[in-house]
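Structure record follows, encoded as structure tokens.
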Amino acid sequence: MPANLPAEAKAKWLRVMEARTPQEKLEALKDFLSSVPKHKGTAKLRAQIRHKIAVLRREIEERKRKRGKRGPKFFIRKSGMAQAVLVGLTNSGKSTLLKYLTNANPSIAERPFETKLPIPGMLQYGDLSIQLVEAPALIEGASKGAMWGLQVLTLAKNADVIILVIDLSYDPLYQLKVIVSELSDAGILLSPKKFEVRVERRRGCGITILGLDPMECKKLGNLLNDLGISDVIVKVSGEASAEDVVNAILGYQHKPALVLATKYDVSRDNFNKLEGACRELRLKAYPFSPQIPRENLKRELCRAIMKALNLILVYVKTPGSTPIPVTLNEGSIVLDLIEKVLGNRILGEVKYVKVWSNRFKFNPQKLGLKSPLGDGDLVEIAI
Ligand SMILES: Nc1nc2c(ncn2[C@@H]2O[C@H](COP(=O)(O)OP(=O)(O)OP(=O)(O)O)[C@@H](O)[C@H]2O)c(=O)[nH]1
Ligand SMILES: [Mg+2]
């Protein structure tokens, strides 16, 4: 039921939306909550706000603790083309994977909670280099501060991709549920973001929603009412549901993710069950066991990570030089490549651009600045 909020509370909600730092947001949320009348119609809203306040408080305390403490570090500086964090329950095989696929040498053990700090390793395949980071085990209640849960979730927030490590020999659906719900409680959603949301405040304009179909528009209007949000113009581009838009407004992040199902050698039968559940969440699952040839697994995983990130790898050279690998976003054009490797000052001096590609019947071809590039293209830029 929409919460019929007094004008004072609505004005205070706008302060929440305008807050820039977590501390400002926390104060604004507390102020807002104090102005929401307590009755049945606002129970859901008050619960949501209390939850948000609790999450923010923990985040702020966590930051303070990290700043003040000169102890073991949970932060891993990014290197390589992307950082992928391995998140899974204890004993799920995270260290085994890291050791099999990278140069890292973590301790592998049957006893639980063997890995106590994040461990990085570099996954190299051909010209692709992806940093894998083993996160210490996630447990139920991580998002509420259990064990090192909040630090693990912060690692996941900072990574480019999340790899869910799920042990096939022990209730894989339970593990999937725990990981997905802990991440979601920490504001991390595991689906590619296919939309953008812009919110503008305009006094007296009511709720105006642009870019959603009528059903979703109506739903979004109700959800915004429940949150006490009015006088806003919400502009949505791309594919989004009303819930997606509300999550975006509440600050949820979307992270590309994939699933690695370990111990395939001992519990092969569970893979199909897990794969089905992953499909419903739009996650792709890959089997793992140390019996799978290392190079095949590295290739498949690198490709999957690049795809999840919408990245392509192209090679660039000047006439007579050795090509160097460069990552670009999918859909990039020749101009994007030149800007990335040479900067835009040089643009006027480009004489020609030749491209060798398996998309072409005849190679090489001279391309214009607006021509699209594809994965594996070799580009020669003459200046
Ligand atoms: N048969 C088999 N055993 C595996 C596989 N992966 C891991 N194991 C075993 O599972 C146990 C736990 O492996 P680890 O790699 O240490 O697990 P972890 O997720 O790093 O565990 P923590 O760091 O303690 O959270 C070890 O005894 C491994 O040998 C696999 O694919 N097949
Ligand atoms: Mg480990």
Side-chain angles (χ1 to χ4, degrees), residues 71-76 83-123 130-143 145-156 159 161-183 186 190 257-275 278 283-302 304:
K73 283 232 177 95
F74 252 75
F75 173 74
I76 301 285
Q83 185 186 70
V85 66
L86 301 170
V87 175
L89 272 53
T90 190
N91 250 307
S92 55
K94 301 177 294 301
S95 296
T96 307
L97 262 170
L98 188 75
K99 188 165 176 160
Y100 195 64
L101 295 171
T102 74
N103 54 344
N105 192 16
S107 165
I108 294 170
E110 246 178 83
R111 64 175 167 268
F113 305 111
E114 177 68 2
T115 304
K116 296 177 180 64
L117 281 173
I119 308 174
M122 195 56 80
L123 163 62
I130 289 161
Q131 185 187 45
L132 295 189
V133 177
E134 176 185 1
L138 191 80
I139 60 164
E140 234 178 318
S143 57
M147 253 171 111
W148 42 52
L150 292 176
Q151 287 160 297
V152 169
L153 292 165
T154 305
L155 269 182
V161 186
I162 300 177
I163 298 180
L164 283 67
V165 181
I166 294 186
D167 177 351
L168 287 173
S169 73
Y170 158 72
D171 201 347
L173 298 192
Y174 163 75
Q175 295 168 67
L176 180 67
K177 191 173 124 228
V178 170
I179 303 173
V180 171
S181 76
E182 291 300 337
L183 289 168
L190 300 181
L258 52 100
V259 172
L260 271 177
T262 58
K263 311 192 189 177
Y264 186 66
D265 51 329
V266 286
S267 298
R268 195 172 282 246
D269 294 347
N270 272 338
F271 184 71
N272 287 346
K273 201 159 69 174
L274 175 65
E275 206 183 21
C278 288
L283 290 170
K284 189 149 169 45
Y286 300 84
F288 167 78
S289 84
Q291 279 77 39
I292 299 178
R294 198 186 308 263
E295 288 309 299
N296 293 2
L297 199 64
K298 280 184 170 185
R299 185 185 56 234
E300 195 161 19
L301 195 54
C302 279

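Every number for a ligand or one of its atoms is a count from 1 in the order of the listing. Only heavy atoms go into these numbers, but all of them, side chains included; no hydrogens, no water, no symmetry mates.
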Metal site the Mg ion (ligand 2): N/O/S of [X] inside 2.8 Å:
X      : answer
Glu134 : yes
Ser95  : yes
Thr96  : no

* **Ile119 to Ala104 - nearest heavy-atom pair and separation** => CG2-CB, 4.4 Å
* Might you point out which heavy atoms bring Leu168 and Asn270 nearest each other, and give the distance in Å? => O-ND2, 2.7 Å
* To do: Fit a plane to each ring of Phe113 and Trp148, take the angle between them on a 0 to 90° scale, and name the class: parallel (under 30°), tilted (30 to 60°) or perpendicular (over 60°).
  => perpendicular
* Kindly tell me which protein residues have any non-hydrogen atom under 4.0 angstrom away from an atom of ligand 1, grouped by chain and ordered by number? => Thr90, Asn91, Ser92, Gly93, Lys94, Ser95, Thr96, Ile108, Ala109, Glu110, Arg111, Pro112, Phe113, Glu114, Thr115, Glu134, Ala137, Lys263, Asp265, Phe288, Ser289, Pro290
* Backbone N/O of Leu101 and side chain of Arg294: donor-acceptor pair under 3.5 Å -> no
* Side-chain (Glu114) to main-chain (Ala109) donor-acceptor, under 3.5 angstrom -> no
* For the pair Leu153 and Leu138, evaluate side-chain contact (heavy atoms from CB on, under 4.5 Å) and give the outcome as yes or no after the intermediate values. => CA-CA 8 Å; Leu153 292 165; Leu138 191 80; 4.1 Å; yes
* Structure fact -> One should read off an interatomic distance between Tyr286 OH and Leu297 CG, to the nearest 0.5 angstrom, of 10.5 Å
